[in-house]
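Every heavy atom of this structure was used, including side-chain atoms; hydrogens, water molecules and symmetry mates were not. What you are looking at is a predicted structure, and each value in this text was computed from that prediction instead of being measured.
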Amino acid sequence: MVTAAIRNPHLSPLRLRKPGAFVLVALARGLSASVRPQASSGNRRGSPRRIFLGIGASLLESFGRMDSGAGSSSGGRSFTASARPQQGASPVEQMSLVLALLCSPAAGTDECRVPEKFPFKEEDFSRYDESPDTYFYSEPRFVTHIDDPAINALTKYYSKVFPPKDTPGISLLDLCSSWVSHYPPGYKQDRIVGMGLNDEELKRNPVLTEYLVQDLNVNPKLPFDDNTFDVITNVVSVDYLNKPLDVFKEMNRILKPGGLAIMSFSNRCFWTKAISIWTSTGDADHAWIVGSYFHYAGGYEPPVSVDISPNPGRSDPMYIVYSRKKSAA
C-alpha cells in the first residue's frame with residue numbers, strides 16, 4: 001500500500017523567514033544578514049563572501065529603479081543579459097540579470113566582475129548537525145516538503161522544459177531523490193535514475209527506472225560515464241550540499257552537451273542540516289548562491305533564475321535556477 005503524502009510538523013522542514021530590504025542592505029554593507037544557528041569564528045564584518053553577495057544586493061537595488069522592458073522565458077518570469085528588469089518582478093528573478101552582468105567581462109576589459117576564485121569558505125558549508133546524513137535519513141519519510149501549490153507549480157514547469165516523454169535515447173537523473181520526484185504525471189523515458197539516501201523511499205518512486213543510494217556530502221563523485229544525461233533535477237535539496245562545487249562539476253561532466261540542470265528550492269528546509277550560508281541569507285541570495293555554483297564549476301552557460309511561486313505570500317514560494325552544459329565547440 002502506498003503511503004499518502006502528509007505534512008507532519010515533526011518530519012517536515014521549517015520555513016525560513018522572508019528576506020527583507022534590511023537583509024539586502026546589510027549584505028551590501030558587508031554585515032551579517034542574521035544570527036547563525038552556530039558560532040563561526042570567520043564571520044567577520046566585511047568578509048569577502050558577504051561583499052560578494054552584497055554586489056548582487058546593491059545591483060538589485062539599482063535595477064529596482066529601472067523601467068520595465070524584459071520578456072519571459074522557460075515557463076516563468078526571468079531575465080536575460082540584454083533585458084531590463086520588469087517592474088514588480090521578484091528579487092529572485094532579477095538575480096538572473098545580476099548574474100549575467102557580473103559573469104560577463106567588464107566594459108573594455110577581459111575581466112569578469114566577480115571574484116576569480118570561488119569566494120565562499122569552508123565554514124559557509126558547515127551545518128548545525130554534522131552527524132552523518134545517512135543516520136538522519138535512516139528512517140523513510142513518506143512526506144512532501146513543500147505544499148501542494150508549490151508542487152503543482154514545479155510539475156507544470158517540468159512539463160514545459162522536459163524532453164517529450166518516451167523520446168528514444170533520453171536519460172534523466174534526479175539527484176537527492178526520494179519517494180516522489182514531482183515529474184509530470186505519466187512521464188516516462190527509457191532511463192530515469194534516482195540518487196538519494198533512503199532505499200525504502202527510492203524503491204517507492206514510480207517514475208524511476210533505477211536508483212542508487214549515495215551520500216553526496218561524503219562522496220560527491222557521480223558514478224556515471226561522461227555525457228550520459230540530458231536533464232538533471234534537484235528538488236529542495238541543493239541547500240544541504242556541503243561540497244556543492246564538486247557536485248556541480250560532476251553534474252557538468254555527466255551531462256550531454258546542451259544538457260539541462262534544474263535546481264529548485266523554496267524557503268523550507270531542515271535547518272539543522274542546511275548549510276550555514278543558506279540559513280543566514282534570504283531567497284534572492286539563495287538564487288545568487290546557486291548561480292555561483294554553476295559559474296565557478298565551469299562549463300555551464302550563464303545561469304538563469306525563475307520565480308514560479310504560485311501564490312506569493314499565501315503558499316510556499318518556488319524558485320528555479322537552471323543552466324545548460326556548454327555545447328562542444
Side-chain angles (χ1 to χ4, degrees), residues 49 52-53 56 74 78 92 95-96 98-100 102-104 112 114-127 133 161 171-177 181 193-197 212 214-266 269 273-278 281 284-306 319-328:
R49 67 177 180 84
F52 178 67
L53 288 170
S74 300
S78 63
V92 168
M95 195 57 71
S96 288
V98 174
L99 288 167
L102 296 181
C103 294
S104 61
C112 186
V114 296
E116 180 179 352
K117 296 182 178 180
F118 193 53
F120 303 118
K121 299 179 180 179
E122 183 177 353
E123 69 192 50
D124 295 323
F125 303 103
S126 63
R127 301 173 299 170
D133 290 343
V161 301
S171 297
L172 287 80
L173 172 63
D174 189 27
L175 282 181
C176 306
S177 189
S181 294
V193 184
M195 177 181 286
L197 281 169
L212 65 156
Q214 180 173 319
D215 185 351
L216 294 176
N217 286 338
V218 173
N219 177 19
K221 177 72 173 180
L222 300 178
F224 306 104
D225 293 336
D226 296 357
N227 307 317
T228 295
F229 294 99
D230 299 272
V231 179
I232 296 177
T233 57
N234 179 290
V235 181
V236 295
S237 295
V238 68
D239 45 325
Y240 302 125
L241 298 176
N242 64 13
K243 299 177 178 65
L245 212 56
D246 293 334
V247 173
F248 275 62
K249 288 178 179 179
E250 279 292 286
M251 286 165 44
N252 186 267
R253 179 183 65 81
I254 65 174
L255 276 172
K256 297 176 184 178
L260 178 64
I262 306 171
M263 305 291 110
S264 62
F265 55 91
S266 184
C269 68
K273 280 298 186 179
I275 57 174
S276 177
I277 197 170
W278 195 274
T281 53
D285 306 308
H286 297 161
W288 173 257
I289 291 167
V290 177
S292 75
Y293 295 165
F294 282 117
H295 175 72
Y296 287 101
Y300 291 100
E301 296 177 357
V304 177
S305 53
V306 186
Y319 309 114
I320 303 285
V321 177
Y322 72 86
S323 183
R324 291 186 179 274
K325 179 176 179 176
K326 291 181 177 179
S327 299

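- When all heavy atoms of Val247 and Pro220 are compared, the pair lying nearest together is CG2-CB, 3.8 Å.
- The aromatic rings of Tyr293 and Phe118 lie tilted to each other, with the angle between the two planes from 30° to 60°.
- A donor-acceptor distance shorter than 3.5 angstrom exists from the side chain of Tyr300 to the backbone of Asn252, with no hydrogens or angles considered.
- For Ser323 (side chain) and Glu301 (main-chain N/O), a donor-acceptor pair under 3.5 Å exists by modelled atom type.
- With sequence neighbours left out, the side chain to side chain contact (heavy atoms under 4.5 Å, CB included) criterion links Asp215 to Asp133, Thr134, Leu197, Asn217, Val218.
- Proximity of Ser181 to Thr233: side-chain heavy atoms (C-beta onward) are nowhere separated by under 4.5 Å.
- Between Ile289 atom CD1 and Ile277 atom CD1 the span is 4.5 Å, to the nearest 0.5 Å.
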Please evaluate residues Val321 and Val238 with respect to the criterion side-chain contact (heavy atoms from CB on, under 4.5 Å), reporting the C-alpha separation (whole Å), side-chain torsions for both, the decisive distance (0.1 Å), and the verdict. CA-CA 11 Å; Val321 177; Val238 68; over 6 Å; no
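- Shown here are the side-chain hydrogen bond (donor to acceptor under 3.5 Å, both in side chains) partners of Asn219, two or more places apart in sequence or in another chain: there are none.
- In this structure a side-chain-to-backbone donor-acceptor pair under 3.5 Å is missing from Lys325 to Lys256.
- The closest side-chain donor-acceptor pair between Asp124 and Ser276, if any, does not fall under 3.5 angstrom.
- Note that CG of Leu222 is 10.0 Å distant from OG1 of Thr228, once rounded to the nearest 0.5 Å.
- Take Asp239 and apply the side chain to side chain contact (heavy atoms under 4.5 Å, CB included) test, not counting sequence neighbours, and it matches Cys269, Ala274, Trp278.
- Within the structure, side chain to side chain donor-acceptor pair (under 3.5 Å) pairs that include any residue of residues 241-250 comprise Glu250-Arg253 (at least two apart or interchain).
- Interatomic distance, CG of Asp285 versus OG of Ser292, reported as 11.0 Å (0.5 Å rounding).
- A search for side chain to side chain contact (heavy atoms under 4.5 Å, CB included) contacts involving Ser171 returns Arg191, Phe229, Asp230, not counting sequence neighbours.
- Every residue meeting the side chain to side chain contact (heavy atoms under 4.5 Å, CB included) condition with Ser237, not counting sequence neighbours, appears here in chain and number order: Cys176, Asn234, Tyr240.
- The structure places NE2 of His295 at 8.5 Å from CH2 of Trp288, a figure rounded to the nearest 0.5 Å.
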Tyr319 vs His286, side-chain contact (heavy atoms from CB on, under 4.5 Å): CA-CA, chis, key distance, verdict: CA-CA 9 Å; Tyr319 309 114; His286 297 161; over 6 Å; no
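- Residue Asp226 qualifies as enclosed at atom CG: its count of foreign heavy atoms under 6.0 Å is above 12.
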